[in-house]
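First comes the structure, then the notes that go with it.
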There are 2 protein chains.
Amino acid sequence: MRKDAVQNRERLLQAARQLFADRGLDVPLDEIARAAGVSIGTLYNRFPTRDALVEAAFADRAATVTELAEHALAMDNPWEGFVAFLTGVCELQAADLGYNDLAARTAAVDGDRGYGLMREILERAQRGGELRADVTLTDMAFVVWGVAATVRATHKVAPGAWRRHLALALDGLHATAAHPLPIPPMSTAQTRAALRDC
Amino acid sequence: MRKDAVQNRERLLQAARQLFADRGLDVPLDEIARAAGVSIGTLYNRFPTRDALVEAAFADRAATVTELAEHALAMDNPWEGFVAFLTGVCELQAADLGYNDLAARTAAVDGDRGYGLMREILERAQRGGELRADVTLTDMAFVVWGVAATVRATHKVAPGAWRRHLALALDGLHATAAHPLPIPPMSTAQTRAALRDC
DNA sequence: CCTCAAGTTGAGAGGCCCCTCAAGTTAGCT
DNA sequence: AGCTAACTTGAGGGGCCTCTCAACTTGAGG
């Protein structure tokens with residue numbers, strides 16, 4: 001790849017990250033091109049689809065989440081690790097409307113990457129006895145969807161409100177709170193499908 | 001108003017209710033007109049803005065919610081009343097993607113109407129000791145936003161999944177689950193503003 | 001310095017949606 | 001039956017966004 005192409009790619013990614021962060025994943029692409037000081041044609045040269053751009057813009061996050069997960073597993077108290085992990089992910093969401101949108105389409109079940117770690121975090125916390133035994137990995141989607149919705153609604157007027165939402169959700173996941181759940185968890189296939197359509 | 005105008009209004013409302021229910025609040029208006037067998041111009045004659053149409057289409061819901069609230073207050077067990085009310089509202093959301101969208105912009109704090117009843121339901125449940133004492137009316141927005149997000153994501157592939165989400169949320173609202181919350185509740189002004197921008 | 005593959009450009013076609021308004025139609029009164 | 005205010009119509013202008021492609025420019029190897 002020619003070096004000017006590399007540079008343009010980098011500028012596009014930076015502009016995209018900025019605009020995604022400020023306004024969510026559906027910023028017009030021509031605005032990103034303009035912000036990058038590059039023509040719309042170049043944007044399409046470097047990133048043939050919006051998804052390609054989004055993926056490239058947030059490529060680093062997978063590693064970040066993995067770090068969070070490892071850090072969580074390194075904590076002594078399994079429940080606190082669980083809480084720390086979810087809090088960490090939600091902090092990423094709250095800090096970036098683009099990632100907030102993306103997380104809602106990606107949550108939890110992305111078995112491919114470091115998310116296998118999430119299963120460990122969850123199961124360890126269950127073995128520790130503080131996380132209720134009847135929740136599944138797929139239930140984590142509810143947390144992410146919920147917090148994502150709260151972040152979207154409140155980021156302007158009450159940033160940080162999601163922390164209260166998350167705290168309430170976590171209390172609902174604590175073993176001491178457990179009442180029998182009305183229906184079985186979603187299958188991973190269902191969850192995957194649900195994530196797909198936003 | 002001329003009787004053909006009345007008839008067209010009615011047809012439009014029916015078409016709108018159907019399409020809103022199936023596809024959410026942002027169906028193209030011309031599609032609604034087409035489904036009603038009427039021109040787009042007529043739609044604009046009857047309903048000058050999208051909001052006017054939405055409001056008319058869901059005018060009955062306020063009464064339904066009030067009924068739910070009264071029914072909840074008539075229950076012996078305050079907590080069960082609280083649960084029944086939230087479940088009822090969420091059932092409305094799950095049954096109609098349009099109302100699901102609308103609820104997310106309307107939740108809880110709409111002091112004007114029968115929602116004053118919601119405050120009663122909540123406070124009664126707190127006095128009863130089963131609803132944690134540190135939650136506020138504004139916290140109900142988290143439940144509605146969360147369930148709305150889950151309904152949107154899962155209605156096709158796992159309808160009913162929201163019941164599990166709601167059950168977990170409710171467990172988090174139960175007094176036995178209460179751990180200190182990290183931040184104070186949103187003010188009603190904040191909540192109102194948050195509801196405004198989606 | 002020359003060359004050409006690699007890269008850039010931006011106007012424009014196309015899609016979707018909103019909203020208007022001048023021309024045509026009709027209900028319902030007299 | 002005639003009249004008029006009320007109503008309907010739908011083509012069309014406008015905005016916004018996506019995506020393409022023929023013409024142009026440039027980096028870098030020889």
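The structure displayed is predicted, hence computed values, not measured ones. Letters go in sequence order (proteins before strands), and every chain restarts at 1.
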Ring-plane angle category for B:His174 and B:Trp79, please: parallel below 30°, perpendicular beyond 60°, tilted otherwise. perpendicular
Contact summary for A:Ala175 and A:Gly129, nearest pair of heavy atoms: CB-O, 3.3 Å
Given atom CG of A:Leu53 and atom P of D:dT18, what is their separation to the nearest angstrom? 11 Å
A:Leu168 CG to A:Arg163 CZ distance, which is reported to the nearest 0.5 Å: 14.0 Å
Separation of atom CG in B:Asn8 from atom P in C:dA27, rounded to whole Å: 11 Å
From C-beta outward on A:Arg2, which listed nucleotide comes closest to its side chain: C:dA27, C:dA5, D:dT18? C:dA5
Compare the minimum distances between each of D:dT8, C:dT8, D:dT18 and the side chain of A:Ser39, then state the nucleotide with the smallest one. C:dT8
Measure CG/A:Asp30 against C1'/D:dT20 and give the value in whole Å, please. 15 Å
Which of the following nucleotides, C:dC17, C:dT8, D:dA28, is nearest to the side chain of B:Pro28? C:dC17
In the structure shown, which nucleotide is the Watson-Crick or G-U wobble counterpart of D:dG30, with both distances under 3.5 Å? C:dC1
Provide, to the nearest angstrom, the distance between the CG atom belonging to B:Asp51 and the C1' atom belonging to C:dC18. 14 Å
note: A:Arg46, atom CZ; C:dA6, atom C1'; distance rounded to Å ~ 9 Å
Honestly curious: do A:Leu117 and A:Met75 fall in one hydrophobic cluster under the side-chain, below-4.5 Å linking rule? no
Can you figure out which of C:dC18, C:dG7, D:dA11 approaches the side chain of B:Ile40 most closely? D:dA11
Watson-Crick or G-U wobble partner for C:dA22, using a 3.5 Å limit on both distances? D:dT9
Please figure out whether A:Arg9 or B:Asp26 has its closest DNA chain C nucleotide nearer the 5' end. A:Arg9
Select one nucleotide: of C:dT9, C:dC17, D:dC7, the one nearest the side-chain heavy atoms of A:Val38. C:dT9
Cluster overlap A:Leu166 with A:Val157, hydrophobic side-chain contacts below 4.5 Å: no
Protein-nucleotide distance (A:Arg34, atom CZ; C:dT9, atom P), rounded to Å: 14 Å
What nucleotide, of C:dC18, C:dT8, D:dT8, holds the atom closest to the side chain of B:Tyr44? C:dC18
Tell me which of A:Met1 and A:Val27 sits closer to the 5' end of DNA chain D, going by the nucleotide each one is nearest to. A:Val27
Provide, to the nearest angstrom, the distance between the CZ atom belonging to B:Arg50 and the P atom belonging to C:dT20. 14 Å
Figure out the CG/C1' separation between B:Asp4 and C:dG28, and round it to whole Å. 10 Å
